[in-house]
2 protein chains.
Amino acid sequence: MLRLSKLTDYAVVVLVRLSGMEGMQTSPGIAAATGIPEPTVAKVLKTLAAGDLVSSQRGARGGYRLNRELSAIPIADVIAAVDGPIALTACVDGSTSECESRGLCPMRGRWDPVNDAIHSALSRITLADMQAAPLPALRMPSPVMAAARVVLQSAAE
Amino acid sequence: MLRLSKLTDYAVVVLVRLSGMEGMQTSPGIAAATGIPEPTVAKVLKTLAAGDLVSSQRGARGGYRLNRELSAIPIADVIAAVDGPIALTACVDGSTSECESRGLCPMRGRWDPVNDAIHSALSRITLADMQAAPLPALRMPSPVMAAARVVLQSAAE
DNA sequence: GGTTATCCGGACTGGGGTAGTCCTGATTGA
DNA sequence: TCAATCAGGACTACCCCAGTCCGGATAACC
(Lines give C-alpha, C1' and ligand atoms only; values in the text may rest on other atoms or scores of the structure.)
Protein backbone atom coordinates (compact mmCIF):
# COMPACT_ATOMS: atom_id res chain seq x y z
CA MET A 1 0.00 0.00 0.00
CA LEU A 2 1.22 3.46 -0.80
CA ARG A 3 1.39 5.32 2.43
CA LEU A 4 0.82 8.96 2.97
CA SER A 5 1.89 10.43 6.26
CA LYS A 6 -0.92 11.13 8.66
CA LEU A 7 0.24 14.72 8.80
CA THR A 8 -0.77 15.16 5.16
CA ASP A 9 -4.24 13.96 5.92
CA TYR A 10 -4.40 16.41 8.79
CA ALA A 11 -3.13 19.14 6.50
CA VAL A 12 -6.04 18.64 4.13
CA VAL A 13 -8.50 18.76 6.99
CA VAL A 14 -6.91 21.92 8.34
CA LEU A 15 -6.82 23.66 4.97
CA VAL A 16 -10.46 22.89 4.30
CA ARG A 17 -11.32 24.22 7.71
CA LEU A 18 -9.35 27.38 7.04
CA SER A 19 -11.26 27.95 3.82
CA GLY A 20 -14.57 27.61 5.55
CA MET A 21 -14.12 30.57 7.85
CA GLU A 22 -13.51 34.24 7.32
CA GLY A 23 -10.42 36.03 8.59
CA MET A 24 -7.69 34.64 10.80
CA GLN A 25 -8.01 31.42 12.71
CA THR A 26 -5.87 30.22 15.59
CA SER A 27 -4.50 26.74 15.93
CA PRO A 28 -6.42 26.05 19.16
CA GLY A 29 -9.59 27.03 17.35
CA ILE A 30 -8.90 24.74 14.44
CA ALA A 31 -7.96 21.95 16.81
CA ALA A 32 -11.27 22.26 18.61
CA ALA A 33 -13.18 22.31 15.35
CA THR A 34 -11.46 19.33 13.78
CA GLY A 35 -10.71 17.11 16.75
CA ILE A 36 -7.01 17.04 15.91
CA PRO A 37 -4.72 17.58 18.93
CA GLU A 38 -3.68 21.18 19.23
CA PRO A 39 0.13 20.69 19.13
CA THR A 40 -0.29 18.63 16.00
CA VAL A 41 -2.42 21.31 14.35
CA ALA A 42 0.26 23.85 15.19
CA LYS A 43 2.90 21.62 13.68
CA VAL A 44 0.90 21.15 10.49
CA LEU A 45 0.21 24.86 10.18
CA LYS A 46 3.87 25.70 10.61
CA THR A 47 4.74 23.25 7.88
CA LEU A 48 2.08 24.67 5.59
CA ALA A 49 3.31 28.17 6.27
CA ALA A 50 6.82 27.10 5.28
CA GLY A 51 5.33 25.71 2.08
CA ASP A 52 3.63 29.03 1.38
CA LEU A 53 0.15 27.58 1.45
CA VAL A 54 -0.95 29.64 4.43
CA SER A 55 0.15 32.93 5.97
CA SER A 56 0.69 33.47 9.66
CA GLN A 57 0.20 36.50 11.80
CA ARG A 58 1.94 36.66 15.14
CA GLY A 59 0.85 38.24 18.33
CA ALA A 60 -2.52 38.80 19.93
CA ARG A 61 -5.39 38.33 17.47
CA GLY A 62 -2.96 36.59 15.18
CA GLY A 63 -3.51 33.28 13.47
CA TYR A 64 -3.43 31.70 10.05
CA ARG A 65 -5.23 32.25 6.77
CA LEU A 66 -5.21 30.59 3.37
CA ASN A 67 -2.99 32.10 0.67
CA ARG A 68 -5.06 30.72 -2.20
CA GLU A 69 -8.49 29.28 -2.71
CA LEU A 70 -8.96 25.55 -2.38
CA SER A 71 -9.51 25.24 -6.11
CA ALA A 72 -6.04 26.69 -6.68
CA ILE A 73 -4.31 24.17 -4.41
CA PRO A 74 -3.51 20.88 -6.09
CA ILE A 75 -3.17 18.03 -3.63
CA ALA A 76 0.36 17.55 -4.96
CA ASP A 77 1.32 20.88 -3.36
CA VAL A 78 0.02 19.78 0.01
CA ILE A 79 1.88 16.50 -0.15
CA ALA A 80 5.05 18.23 -1.25
CA ALA A 81 4.79 20.74 1.58
CA VAL A 82 4.22 18.17 4.28
CA ASP A 83 6.02 15.07 3.07
CA GLY A 84 8.64 16.54 0.80
CA PRO A 85 9.14 15.95 -2.92
CA ILE A 86 6.78 13.44 -4.47
CA ALA A 87 8.73 10.35 -5.39
CA LEU A 88 8.12 6.69 -4.80
CA THR A 89 11.60 5.53 -3.93
CA ALA A 90 14.65 6.99 -2.31
CA CYS A 91 16.60 5.97 -5.41
CA VAL A 92 15.06 8.62 -7.60
CA ASP A 93 14.32 11.58 -5.39
CA GLY A 94 17.57 13.28 -6.06
CA SER A 95 19.47 11.86 -3.15
CA THR A 96 23.16 11.59 -3.74
CA SER A 97 23.68 8.45 -1.71
CA GLU A 98 24.78 5.43 -3.65
CA CYS A 99 22.59 2.38 -3.98
CA GLU A 100 24.30 -0.60 -2.38
CA SER A 101 23.84 -2.81 -5.42
CA ARG A 102 24.33 -0.01 -7.86
CA GLY A 103 26.45 -1.85 -10.35
CA LEU A 104 23.96 -4.69 -10.69
CA CYS A 105 20.63 -2.95 -10.31
CA PRO A 106 18.92 -2.81 -13.70
CA MET A 107 16.26 -0.41 -12.46
CA ARG A 108 18.26 2.74 -11.89
CA GLY A 109 16.15 5.66 -12.90
CA ARG A 110 13.41 3.49 -14.27
CA TRP A 111 10.93 4.65 -11.67
CA ASP A 112 10.96 8.07 -13.26
CA PRO A 113 7.98 7.46 -15.58
CA VAL A 114 6.02 6.14 -12.62
CA ASN A 115 6.86 9.17 -10.54
CA ASP A 116 5.93 11.47 -13.39
CA ALA A 117 2.60 9.75 -13.85
CA ILE A 118 1.74 10.04 -10.19
CA HIS A 119 2.87 13.62 -9.97
CA SER A 120 0.72 14.68 -12.89
CA ALA A 121 -2.24 12.79 -11.52
CA LEU A 122 -1.89 14.54 -8.18
CA SER A 123 -1.46 17.91 -9.82
CA ARG A 124 -4.81 17.63 -11.55
CA ILE A 125 -6.74 17.17 -8.31
CA THR A 126 -7.34 20.21 -6.13
CA LEU A 127 -8.56 20.48 -2.58
CA ALA A 128 -11.83 21.79 -3.98
CA ASP A 129 -12.32 18.42 -5.63
CA MET A 130 -11.86 16.74 -2.28
CA GLN A 131 -14.01 19.16 -0.39
CA ALA A 132 -17.67 18.52 0.25
CA ALA A 133 -20.32 19.95 2.47
CA PRO A 134 -18.90 19.86 6.01
CA LEU A 135 -20.52 17.09 7.97
CA PRO A 136 -21.14 18.94 11.24
CA ALA A 137 -24.16 21.24 11.05
CA LEU A 138 -25.07 19.69 7.75
CA ARG A 139 -27.95 21.26 5.86
CA MET A 140 -30.10 19.14 3.63
CA PRO A 141 -31.97 21.43 1.31
CA SER A 142 -33.10 18.67 -0.97
CA PRO A 143 -33.54 14.91 -1.17
CA VAL A 144 -30.79 14.87 -3.78
CA MET A 145 -28.32 16.18 -1.24
CA ALA A 146 -29.47 13.65 1.29
CA ALA A 147 -28.92 10.86 -1.18
CA ALA A 148 -25.51 12.21 -2.00
CA ARG A 149 -24.58 12.17 1.62
CA VAL A 150 -25.55 8.53 1.95
CA VAL A 151 -23.26 7.71 -0.95
CA LEU A 152 -20.41 9.64 0.62
CA GLN A 153 -21.01 7.99 3.96
CA SER A 154 -20.88 4.48 2.59
CA ALA A 155 -17.86 5.28 0.48
CA ALA A 156 -16.09 6.39 3.61
CA GLU A 157 -16.81 3.21 5.54
CA MET B 1 7.32 11.90 -0.02
CA LEU B 2 5.21 9.00 -1.07
CA ARG B 3 7.00 5.95 0.05
CA LEU B 4 7.03 2.62 -1.64
CA SER B 5 8.33 -0.30 0.35
CA LYS B 6 11.79 -1.41 -0.62
CA LEU B 7 10.39 -4.85 -1.26
CA THR B 8 8.43 -3.47 -4.19
CA ASP B 9 11.58 -2.11 -5.71
CA TYR B 10 13.22 -5.48 -5.26
CA ALA B 11 10.19 -7.14 -6.81
CA VAL B 12 10.61 -5.13 -9.98
CA VAL B 13 14.28 -6.02 -10.19
CA VAL B 14 13.51 -9.68 -9.63
CA LEU B 15 10.72 -9.77 -12.20
CA VAL B 16 12.88 -8.14 -14.83
CA ARG B 17 15.61 -10.62 -14.10
CA LEU B 18 13.15 -13.50 -14.41
CA SER B 19 12.06 -12.25 -17.80
CA GLY B 20 15.60 -12.07 -19.04
CA MET B 21 16.34 -15.77 -18.68
CA GLU B 22 14.82 -18.90 -20.14
CA GLY B 23 13.26 -21.62 -17.99
CA MET B 24 13.25 -21.85 -14.20
CA GLN B 25 15.44 -19.75 -11.97
CA THR B 26 16.23 -20.32 -8.31
CA SER B 27 16.21 -17.66 -5.67
CA PRO B 28 19.94 -18.05 -4.91
CA GLY B 29 20.64 -17.58 -8.59
CA ILE B 30 18.57 -14.43 -8.78
CA ALA B 31 20.16 -13.15 -5.59
CA ALA B 32 23.62 -13.59 -7.06
CA ALA B 33 22.62 -11.89 -10.29
CA THR B 34 20.92 -8.91 -8.69
CA GLY B 35 22.95 -8.37 -5.55
CA ILE B 36 19.86 -8.60 -3.36
CA PRO B 37 20.30 -10.79 -0.23
CA GLU B 38 19.08 -14.32 -0.84
CA PRO B 39 16.52 -14.53 1.98
CA THR B 40 15.01 -11.30 0.80
CA VAL B 41 14.78 -12.55 -2.77
CA ALA B 42 13.04 -15.67 -1.50
CA LYS B 43 10.61 -13.55 0.45
CA VAL B 44 9.83 -11.38 -2.56
CA LEU B 45 9.35 -14.40 -4.80
CA LYS B 46 6.99 -16.01 -2.33
CA THR B 47 4.97 -12.83 -2.21
CA LEU B 48 4.88 -12.58 -5.99
CA ALA B 49 3.81 -16.22 -6.23
CA ALA B 50 0.95 -15.49 -3.84
CA GLY B 51 -0.01 -12.61 -6.10
CA ASP B 52 0.00 -14.92 -9.12
CA LEU B 53 2.70 -13.00 -10.90
CA VAL B 54 5.14 -15.91 -10.89
CA SER B 55 4.80 -19.70 -10.66
CA SER B 56 6.92 -21.85 -8.39
CA GLN B 57 8.19 -25.38 -8.85
CA ARG B 58 9.35 -27.28 -5.81
CA GLY B 59 12.04 -29.87 -5.53
CA ALA B 60 15.35 -30.39 -7.24
CA ARG B 61 15.62 -28.34 -10.46
CA GLY B 62 12.70 -26.31 -9.26
CA GLY B 63 12.53 -22.55 -9.17
CA TYR B 64 10.37 -19.70 -10.35
CA ARG B 65 9.16 -18.44 -13.70
CA LEU B 66 7.08 -15.50 -14.92
CA ASN B 67 3.39 -16.08 -15.50
CA ARG B 68 3.06 -13.25 -18.00
CA GLU B 69 5.31 -11.11 -20.11
CA LEU B 70 6.62 -7.86 -18.68
CA SER B 71 4.42 -5.89 -21.04
CA ALA B 72 1.37 -7.56 -19.50
CA ILE B 73 2.29 -6.65 -15.93
CA PRO B 74 1.24 -3.16 -14.89
CA ILE B 75 3.28 -1.77 -12.06
CA ALA B 76 0.05 -1.46 -10.12
CA ASP B 77 -0.14 -5.25 -9.95
CA VAL B 78 3.33 -5.49 -8.51
CA ILE B 79 2.62 -2.89 -5.88
CA ALA B 80 -0.67 -4.53 -4.98
CA ALA B 81 0.99 -7.93 -4.67
CA VAL B 82 3.82 -6.71 -2.45
CA ASP B 83 2.36 -3.80 -0.54
CA GLY B 84 -1.31 -4.60 -0.56
CA PRO B 85 -4.16 -2.58 -2.06
CA ILE B 86 -3.15 0.75 -3.52
CA ALA B 87 -4.50 3.49 -1.29
CA LEU B 88 -2.94 6.57 0.17
CA THR B 89 -4.41 6.53 3.63
CA ALA B 90 -5.53 3.96 6.14
CA CYS B 91 -8.88 5.71 6.22
CA VAL B 92 -9.90 4.52 2.79
CA ASP B 93 -8.33 1.12 2.34
CA GLY B 94 -11.30 -0.80 3.61
CA SER B 95 -10.15 -1.05 7.18
CA THR B 96 -12.98 -1.35 9.64
CA SER B 97 -11.32 0.59 12.41
CA GLU B 98 -12.99 3.86 13.24
CA CYS B 99 -11.27 7.15 12.79
CA GLU B 100 -10.78 8.75 16.19
CA SER B 101 -12.28 12.05 15.11
CA ARG B 102 -14.84 10.46 12.85
CA GLY B 103 -17.70 12.72 13.70
CA LEU B 104 -15.75 15.86 12.97
CA CYS B 105 -13.51 14.84 10.10
CA PRO B 106 -14.76 16.48 6.91
CA MET B 107 -12.50 14.37 4.72
CA ARG B 108 -14.07 10.95 5.09
CA GLY B 109 -13.92 9.23 1.75
CA ARG B 110 -12.61 12.33 0.04
CA TRP B 111 -9.31 10.68 -0.80
CA ASP B 112 -11.12 8.36 -3.15
CA PRO B 113 -10.62 10.50 -6.29
CA VAL B 114 -6.94 10.78 -5.47
CA ASN B 115 -6.62 7.06 -5.02
CA ASP B 116 -8.47 6.42 -8.25
CA ALA B 117 -6.21 8.79 -10.15
CA ILE B 118 -3.08 7.14 -8.83
CA HIS B 119 -4.40 3.68 -9.46
CA SER B 120 -5.23 4.42 -13.06
CA ALA B 121 -1.86 6.08 -13.58
CA LEU B 122 -0.07 3.04 -12.22
CA SER B 123 -2.19 0.69 -14.28
CA ARG B 124 -1.05 2.32 -17.49
CA ILE B 125 2.64 1.69 -16.85
CA THR B 126 3.95 -1.82 -17.34
CA LEU B 127 7.23 -3.39 -16.34
CA ALA B 128 8.20 -3.33 -19.99
CA ASP B 129 8.05 0.45 -19.83
CA MET B 130 10.42 0.41 -16.91
CA GLN B 131 12.75 -2.13 -18.40
CA ALA B 132 15.77 -1.13 -20.39
CA ALA B 133 18.82 -2.89 -21.69
CA PRO B 134 20.42 -4.60 -18.68
CA LEU B 135 23.44 -2.66 -17.59
CA PRO B 136 25.85 -5.57 -17.18
CA ALA B 137 27.16 -6.79 -20.54
CA LEU B 138 25.62 -3.81 -22.19
CA ARG B 139 25.69 -3.75 -26.00
CA MET B 140 25.77 -0.49 -27.85
CA PRO B 141 24.83 -1.13 -31.46
CA SER B 142 24.47 2.52 -32.36
CA PRO B 143 25.37 6.00 -31.16
CA VAL B 144 21.71 6.58 -30.55
CA MET B 145 21.67 3.87 -27.95
CA ALA B 146 24.80 5.23 -26.38
CA ALA B 147 23.23 8.64 -26.10
CA ALA B 148 20.10 7.10 -24.62
CA ARG B 149 22.17 5.38 -22.00
CA VAL B 150 23.80 8.63 -20.99
CA VAL B 151 20.37 10.13 -20.49
CA LEU B 152 19.24 7.21 -18.39
CA GLN B 153 22.43 7.31 -16.37
CA SER B 154 22.15 10.96 -15.51
CA ALA B 155 18.48 10.60 -14.73
CA ALA B 156 19.35 7.89 -12.26
CA GLU B 157 21.89 9.92 -10.38
C1' DG C 1 14.48 -45.78 -1.23
C1' DG C 2 17.76 -42.44 0.18
C1' DT C 3 19.80 -38.07 -0.82
C1' DT C 4 19.86 -33.59 -2.46
C1' DA C 5 17.86 -29.34 -3.94
C1' DT C 6 14.35 -26.35 -3.61
C1' DC C 7 10.12 -24.00 -2.09
C1' DC C 8 6.74 -22.96 1.93
C1' DG C 9 5.13 -20.80 6.02
C1' DG C 10 5.77 -18.73 10.06
C1' DA C 11 8.19 -16.43 13.92
C1' DC C 12 11.51 -13.35 15.44
C1' DT C 13 14.29 -9.05 15.97
C1' DG C 14 16.65 -4.72 15.16
C1' DG C 15 16.44 -0.20 13.14
C1' DG C 16 14.35 3.77 11.16
C1' DG C 17 10.83 6.92 10.80
C1' DT C 18 6.64 9.10 12.27
C1' DA C 19 3.48 11.14 15.58
C1' DG C 20 2.97 13.73 19.24
C1' DT C 21 4.67 16.60 23.14
C1' DC C 22 7.16 20.18 25.31
C1' DC C 23 9.97 24.23 25.97
C1' DT C 24 12.00 28.65 25.04
C1' DG C 25 11.98 32.78 22.49
C1' DA C 26 10.02 36.36 19.30
C1' DT C 27 6.24 39.20 17.84
C1' DT C 28 2.11 41.88 18.12
C1' DG C 29 -1.95 44.21 20.03
C1' DA C 30 -4.40 45.97 24.03
C1' DT D 1 3.75 46.11 30.49
C1' DC D 2 1.07 42.14 29.87
C1' DA D 3 -1.26 38.63 27.44
C1' DA D 4 -1.93 36.04 23.33
C1' DT D 5 -0.01 33.87 19.64
C1' DC D 6 3.36 31.98 16.37
C1' DA D 7 8.38 30.10 15.48
C1' DG D 8 11.73 26.80 15.90
C1' DG D 9 13.87 23.16 17.73
C1' DA D 10 14.66 19.07 20.75
C1' DC D 11 12.94 15.09 22.64
C1' DT D 12 10.52 10.58 23.34
C1' DA D 13 7.57 6.60 22.60
C1' DC D 14 5.68 3.81 19.50
C1' DC D 15 4.82 1.34 15.25
C1' DC D 16 6.00 -0.81 11.04
C1' DC D 17 9.16 -2.66 7.83
C1' DA D 18 13.32 -5.09 6.38
C1' DG D 19 15.85 -8.82 6.91
C1' DT D 20 16.98 -13.31 9.00
C1' DC D 21 16.28 -17.86 10.54
C1' DC D 22 14.18 -22.33 11.22
C1' DG D 23 11.57 -26.64 10.56
C1' DG D 24 8.87 -28.86 7.26
C1' DA D 25 7.13 -30.37 2.63
C1' DT D 26 7.91 -31.51 -2.14
C1' DA D 27 10.21 -33.22 -6.18
C1' DA D 28 14.07 -34.92 -9.03
C1' DC D 29 18.09 -37.72 -9.29
C1' DC D 30 21.13 -41.66 -8.28
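Chain letters run A, B, ... following the sequence lines, proteins first and then strands; every chain starts at 1. Because only heavy atoms are used, hydrogens play no part in the values below, and waters and symmetry mates are left out as well, while side chains stay in. Treat the numbers as computed from the prediction; the structure is a model and nothing was measured.
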So which nucleotide from D/dC6, C/dG20, D/dA18 ends up closest to the side chain of B/K43? D/dA18
Expressed in angstrom and rounded to an integer, what is the separation of B/D9 atom CG from D/dG19 atom P? 11 Å
Over how many whole Å does the gap from A/I36 atom CD1 to C/dT21 atom C1' extend? 16 Å
Please give, in whole Å, the distance from C/dA19 P to A/L45 CG? 15 Å
Whole-Å distance, B/Q25 CD to C/dA5 C1', equals 16 Å
Would you check, one step at a time, whether the test side-chain contact (heavy atoms from CB on, under 4.5 Å) holds for A/I73 with A/T126? CA-CA 5 Å; A/I73 304 177; A/T126 72; 5.7 Å; no
Within the 4.0 Å heavy-atom criterion, would you say A/L7 contacts the bases, only the backbone, or no part of the nucleic acid? sugar-phosphate
Report the nucleotide, chosen from D/dT20, D/dA18, C/dG10, that has the shortest atom-to-atom distance to any side-chain atom of B/P39. D/dT20
Just by modelled atom types, is the A/A80 backbone N or O under 3.5 Å from a matching donor or acceptor in the A/D83 side chain? no
Heavy-atom pair with the smallest gap, counting every atom of A/V44 and A/A11: CG1-CA, 3.6 Å
OP1 or OP2 of D/dA18 versus the side-chain N and O atoms of B/Y10: is any pair under 4.0 Å? no
B/L70 reachable from B/V54 in the ILVMFWY side-chain graph, under 4.5 Å edges: yes
Test your reading of the model: is there a side-chain donor-acceptor pair from A/T34 to the backbone of A/I30, 3.5 Å cut-off? yes
Take the protein atom CE of B/M24 and the nucleotide atom C1' of C/dA5, then report the distance between them rounded to whole Å. 14 Å
In whole Å, I'd like the distance from the CD1 atom of B/I30 to the P atom of C/dA5. 18 Å
Distance check needed: C/dT6 C1' versus B/E38 CD, whole Å only. 10 Å
Whichever of B/A49 and A/T8 has its nearest DNA chain C nucleotide further upstream toward 5': B/A49
Under 4.0 Å from OP1 or OP2 of C/dC7: is there any side-chain N or O of B/S27 that close? yes
C/dA5 OP1/OP2 closer than 4.0 Å to side-chain N/O of B/T26: no
Result for side chain to side chain donor-acceptor pair (under 3.5 Å) between A/S27 and one of A/K46, A/E38, A/K43 points to A/E38
Near DNA chain D, which residues from residues 55-65 of chain A have a heavy atom under 4.0 Å away? A/S56, A/Q57, A/R58, A/G59, A/A60, A/G63, A/Y64
Whole Å only: how far is the NZ atom of B/K46 from the P atom of D/dG24? 16 Å
Could you list all the side-chain hydrogen bond (donor to acceptor under 3.5 Å, both in side chains) pairs where at least one residue sits in residues 69-79 of chain A, not counting sequence neighbours? A/R68-A/D77
